[in-house]
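Heads up, the thing below is written out as structure tokens.
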Amino acid sequence: MRKYVIMGVQGSGKGTQATRLAAEYELEHISVGDIFRWNVQHHTKMGAQVKRVMDAGKLVEDDMVDAVVRDRLEQHDWNYGFIIDGFPRNASQAEFFLERYDIDGVINLDMPDSEVERRVLARRLCSQCGLDYNLMAHRPEIEDTCDVCGGKLVARADDNPEALAQRLAEYHEKTSPVLALFERKEFILNVDATRSKEAIYEDIVAQLGLRKD
Ligand code: AMP
């Protein structure tokens with residue numbers, strides 16, 4: 001059983017690395033942001049409650065976030081473990097989590113704000129199939145159009161300069177204390193996230209002692 005947390009500012013590649021680790025080691029990838037986005041897209045009651053907060057780049061209130069994480073983990077579909085992405089984002093969420101689950105490692109993807117801005121503002125998503133694009137690294141063949149399904153490419157509602165500045169400020173203010181808390185427990189791995197996806201992945205696997213020979 002492997003239980004990991006992956007942290008890092010938006011745009012640091014958390015989702016990409018978590019997806020790959022999950023596929024390779026049969027872990028459940030749990031993204032709190034994806035759960036909220038699903039609820040917004042499907043117009044659920046929860047979606048209506050979180051949409052405005054999310055669009056402004058602010059954090060959803062702890063009780064709702066903790067309930068989402070608890071319900072998701074209670075599904076017990078994670079026979080080989082999980083990798084949780086985008087949580088905990090403040091000290092109270094971290095305490096809630098540490099009281100209930102033991103963790104084998106916290107992956108911290110480290111990236112300066114200037115690089116985050118450059119990357120996040122180039123991020124696009126297919127409105128139909130959800131495939132990720134980046135106008136710097138992964139451009140579509142036809143402008144604004146998904147290569148796979150032909151859907152229209154859009155920016156996430158919260159990928160605009162105002163919301164990003166708000167998210168970065170929130171991150172530094174609230175999430176850095178989480179790192180300090182985990183650091184005291186000594187299961188943090190710091191990873192330089194400005195490198196290629198491959199180099200970052202190799203570093204994570206090596207630091208977690210997961211390398212397959
Ligand atoms: P993400 O995809 O992780 O960037 O999350 C998108 C948005 O969902 C965030 O900007 C928050 O509004 C909300 N969100 C996701 N995870 C959390 C969390 N752990 N605590 C509070 N809000 C969250």
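The analysis underlying the following values was restricted to heavy atoms, covering all of them including side chains, and did not include hydrogens, waters or symmetry mates. Whatever order the structure lists them in is the order used to number ligands and atoms, beginning at 1.
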* Close N or O approach (Asp85, ligand 1; < 3.5 Å) -> no

* Asked: Going by an N to O cut-off under 4.0 Å, is there a salt bridge joining Arg123 and Asp132?
  -> no

* Taking only Lys NZ, Arg NE, NH1 and NH2, and the carboxylate oxygens of Asp or Glu, determine whether Arg2 and Glu26 approach each other closer than 4.0 Å. => no

* Does the side chain of Arg89 reach to within under 4.5 Å of the side chain of Glu170, using non-hydrogen atoms? -> no

* **Per-atom contacts, ligand 1 versus Gly33 - under 4.0 Å to a heavy atom** => 2 (O), 5 (O), 15 (C)

* **Among Phe87, Phe97, Phe36, Tyr171, closest by any non-hydrogen atom to atom 14 (N) of ligand 1** => Phe36

* Structure fact -> protein heavy-atom neighbour closest to atom 9 (C) of ligand 1 works out as Arg89 NH2, 3.6 Å

* Near Arg167, which atoms of ligand 1 are under 4.0 Å from a heavy atom of that residue? -> 10 (O)

* With distance as the sole criterion, is a donor-acceptor pair present between the side chains of His29 and Asp34 under 3.5 Å? -> no

* Using a strict cut-off of 4.0 Å, indicate which atoms of ligand 1 neighbour a heavy atom of Val32. => 16 (N)

* To do: May I ask you to identify the nearest protein heavy atom to atom 12 (O) of ligand 1, giving residue, atom name and distance to one decimal place in Å?
  => Lys58 O, 2.6 Å

* Heteroatom distance test (Gln93, ligand 1): nitrogen or oxygen, under 3.5 angstrom -> yes

* Leu208 with Ile200, same ILVMFWY side-chain cluster at under 4.5 Å -> yes

* Asked: Does Asp34, backbone or side chain, put an N or O under 3.5 Å from an N or O of ligand 1?
  -> no

* Applying a strict 4.0 Å limit to heavy atoms, is Arg37 in contact with ligand 1? -> yes

* Asked: Between Trp78 and Phe82, what is the ring plane arrangement, given parallel below 30°, perpendicular above 60°, and tilted in between?
  -> perpendicular

* With a 4.0 Å cut-off, would you call Arg70 and Asp66 a salt bridge? -> no

* Asked: So, Lys51 and Asp158, do they make that salt bridge, N to O below 4.0 Å?
  -> no

* Note the single closest protein heavy atom to atom 7 (C) of ligand 1, along with its residue, its atom name and the distance in Å. => Met54 CE, 3.7 Å

* Is the closest heavy atom of Arg156 to ligand 1 under 4.0 Å? -> yes

* Asked: Can you find an N/O atom of Gly86 closer than 3.5 Å to an N/O atom of ligand 1?
  -> yes

* To do: Kindly confirm or rule out an N or O of Val60 lying under 3.5 angstrom from an N or O of ligand 1.
  => yes

* Looking at side-chain heavy atoms only, is the closest gap between Asp110 and Asn190 below 4.5 Å? -> no

